[in-house]
Amino acid sequence: MLRWSRTAPLDTHLANVTSHSAFLVLGAARTLEFLAEERTLLSEVFPGGMVEETYVVDLLVVSKPSGTGPSSRRV
């Protein structure tokens, strides 16, 4: 697992959040209600308008054995 964070403007953060498919089923009215509530809450926690987003992600690394792939073929 890899932990990383970034700082983003509040509007960017809210746009990213509502890009998730769960908001498709909420409908426009409920999404607008959520955005208003979230903006109020986040403005209290991040009064400067910049939100710190922290993520924990799985990092998978795959190595390809040498001698494979297009560059190793002989003509």
Would you call Val56 and Trp4 a side-chain contact if the rule is heavy atoms closer than 4.5 Å? no

Looking at [atom1] of [X] and [atom2] of [Y], how far apart are the two atoms once the value is rounded to the nearest 0.5 Å?
X	Y	atom1	atom2	answer
Leu10	Glu38	CG	CD	8.5 Å
Thr31	Leu26	OG1	CG	4.5 Å
Leu2	Leu60	CG	CG	11.0 Å
Arg30	Leu35	CZ	CG	9.5 Å
Arg39	Asp11	CZ	CG	4.5 Å

Which residues satisfy the ring-ring contact (aromatic ring centres under 6.0 Å, His included) test with Phe46, sequence neighbours excluded? none

Kindly give the heavy-atom pair with the smallest separation between Glu52 and Ser5, and that separation in Å. OE2-OG, 3.7 Å

Pair Leu59, Met1 - check side chain to side chain contact (heavy atoms under 4.5 Å, CB included), show working. CA-CA 6 Å; Leu59 175 64; Met1 289 197 310; over 6 Å; no

Which residue in the set Val51, Thr7, Thr18 passes side chain to side chain contact (heavy atoms under 4.5 Å, CB included) when paired with His13? Val51

I'd like to know if Phe34 and Val45 are part of one continuous hydrophobic network [Ile/Leu/Val/Met/Phe/Trp/Tyr, side-chain heavy atoms within less than 4.5 Å]. yes

Measure from the side-chain N and O atoms of Thr12 to the backbone N and O of Ala8, and report whether any donor-acceptor pair falls under 3.5 Å. no

